[in-house]
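Written below as structure tokens is the structure these notes are about.
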Amino acid sequence: MRTIYQSLILTCCLCVLSLASCKDFLKEEVFSQLAPENYLRTKEGLTSLLYEAYAKAANMNSNNSIYVLGPQEFSTDILNQSGDSVEPTIRNYREFNWDPTMDFLIQNWDPPYQCIRDANMVLENIAGSALTDAEKKSYTAEARFLRAISYYKLYLFFGTVPLRTSTTQAVNLPRADEGTLKNFIETELKEATTDLPLPANVPERYRAHKAAAMGYLIKFYLNTKKWNEAATLSQTFLTTFNYTLFGEYMDMFKVENENNSEYIWVRPAIASTDRATANSWSNVSFPDNFKSSPETGIVFKSTWLNWPNEFRIYDTFYNSFETGDKRKKLFMTVYINNANQTVSLLGNDNIRSVKYWPDQNNAGAAHGNDIPEIRLADIYLSRAEALNEISGPTQEALDNINLVRRRANLLDLKLVDITSKDQLRDLILAERGHEFYNEGHRRTDLIRMGKFISNAIARGKNARDIHLVFPIPQVVIDSDPLIKQNKDF
């Protein structure tokens, strides 16, 4: 089902074993394809290392719903949480009491750097490998793509970070200056866009392609406020590729529909006993003693799990949706418990999201719903935002927004009703919140639009400008004296 990720464990073990240093008493010269100095010259060796880079880029060594999506929404007006052993850490995110020693920080530092390490090793060994010229070009582009998106995610999370572009650099490195890091990310994504295959020509599902690289470059331009570049590239994207909006929003995130016409790049999830490679959203969102949901039609199966770590949606966010918005149907405001009692979830910030619809074939805690990182609706709304920042409200900007709104069963925005750039920016922010909740975009959107701190203060949080980035993990600071902590942490 997922060739890259299911073969990862075996191939990575082989890679690690073959690269391990020899003991002093093992002096016999080895003439083998699997000798450490030869392994990464083979297609098998480079492929196993590239697959590991893919897994690290997807942050598949941690619980996706908690460690990856959580920090991007617990600090915003969408997501709350209570229960289980993670509550103290999540409370720190929610209350803006961030501390460099929090466990969750390292889960967003180590995997990107592990991907960068793997990508660097692939790039350093390609020239002397047994790959064909076409394979060398493809593997190079894939490694550069994975390295670039890892730096992009690090930058959005922590600010500037050390720029490691080879395995021969010094063990200790200071943080790169902002211009250097941003130029590197942009250049790598541009080069990857040129050399990666079209989406229809990827050798395996979940391998990188031109649309994914271009999509990330659009997002990079948007979040670094290079509006002209974002507007131009988003138009190129829309005229180059054949993605279409998925017909029914409520069904788009179900496992059976994950290979749909709208997903451009995803974080893969595998329904297995290995929670690290899965999507655990459902079992951390079911209410206590959940039996069924009259609104959504979900009936709890005995093969699923329901944990006390409960993700909750704020009432104010739920109430911000327009009447008739279909996207609101993925919220649970009432449920039937195991005693056949009807329990209301309204009025106490206790609403539940079932966006990642429970995997009907799953047993246990690990569901198989892929988590979209970039989809077509994001390209439309990104283009609208860039156009607004360049020229203020225009019909073209509204056309892109209205494509997304029509799927949600909402009326078109009309130019005559929008009088300023600020007004349209606020409308776009609201639209993005309603379209992408629980997909890990809210914190970044609020920061880009200058609302993150003020929004938090309005909700009674002790938010300050230092909270525009997270602190670098203390273990990283302790291990490298050249890395300076973010200000005031």
When the ring centroid of [X] is compared with that of [Y], is the distance short of 6.0 Å?
{"X": "F158", "Y": "W109", "answer": "yes"}
{"X": "F470", "Y": "Y93", "answer": "yes"}
{"X": "F220", "Y": "Y216", "answer": "no"}
{"X": "F286", "Y": "F311", "answer": "no"}

* **Verdict with reasoning, T140 to V122, per side chain to side chain contact (heavy atoms under 4.5 Å, CB included)** => CA-CA 8 Å; T140 296; V122 169; over 6 Å; no
Looking at [Y] and [X], is there a salt bridge between them, counting it only when a charged N and a carboxylate O are closer than 4.0 Å?
{"X": "K225", "Y": "E389", "result": "no"}
{"X": "E229", "Y": "K190", "result": "no"}
{"X": "K254", "Y": "D251", "result": "yes"}
{"X": "D370", "Y": "R205", "result": "yes"}
{"X": "E435", "Y": "R375", "result": "yes"}
{"X": "E248", "Y": "R407", "result": "no"}
{"X": "R267", "Y": "E373", "result": "yes"}

Aromatic [Y] / basic [X] pairing, under 6.0 angstrom, 45° off normal:
{"X": "K326", "Y": "Y249", "value": "no"}
{"X": "R443", "Y": "F157", "value": "yes"}
{"X": "K219", "Y": "Y152", "value": "no"}

Going by atom types alone, do [X] and [Y] pair a side-chain donor with an acceptor below 3.5 Å?
{"X": "Q81", "Y": "N309", "answer": "yes"}
{"X": "E124", "Y": "N120", "answer": "no"}
{"X": "S75", "Y": "R94", "answer": "no"}
{"X": "Q235", "Y": "R383", "answer": "yes"}
{"X": "N183", "Y": "T180", "answer": "no"}
{"X": "Y151", "Y": "E188", "answer": "no"}
{"X": "S129", "Y": "N125", "answer": "no"}
{"X": "S261", "Y": "T244", "answer": "yes"}
{"X": "N80", "Y": "R91", "answer": "no"}
{"X": "E73", "Y": "N438", "answer": "yes"}

* Parallel, tilted or perpendicular, as decided by the 30° and 60° cut-offs, for the rings of F253 and Y263 ->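 Tilted: the ring planes of Y263 and F253 meet at 30° to 60°.
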* May I ask you to decide if the ring planes of F489 and H467 are parallel, tilted or perpendicular, using 30° and 60° as cut-offs? =>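 Correct class here is perpendicular.
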* **Residue among Y54, Y139, W265 satisfying ring-ring contact (aromatic ring centres under 6.0 Å, His included) with F145** =>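 Result: among Y54, Y139, W265, W265 is the only option passing the ring-ring contact (aromatic ring centres under 6.0 Å, His included) with F145.
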* Between E186 and K226, is any pair of side-chain heavy atoms under 4.5 Å apart? ->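 Yes, side chains in contact.
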* Pairwise side-chain contact, N172 with P481, heavy-atom cut-off 4.5 Å (strictly under) ->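 Heavy-atom side-chain distance check passes, below 4.5 Å.
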* Asked: Is N242 atom CG crowded by more than 12 heavy atoms from other residues, nucleotides or ligands, each under 6.0 Å away?
  ->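 No, not enclosed.
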* Intermediate values then yes/no, ring pair (Phe, Tyr, Trp, His ring centres under 6.0 Å), F237 and Y380 -> CA-CA 10 Å; F237 185 101; Y380 283 135; 9.2 Å; no
* To do: Please identify each residue that fulfils salt bridge (charged side-chain N to carboxylate O under 4.0 Å, His left out) with E142, with sequence neighbours left out.
  =>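 For E142 the salt bridge (charged side-chain N to carboxylate O under 4.0 Å, His left out) partners, ignoring immediate neighbours, are R207.
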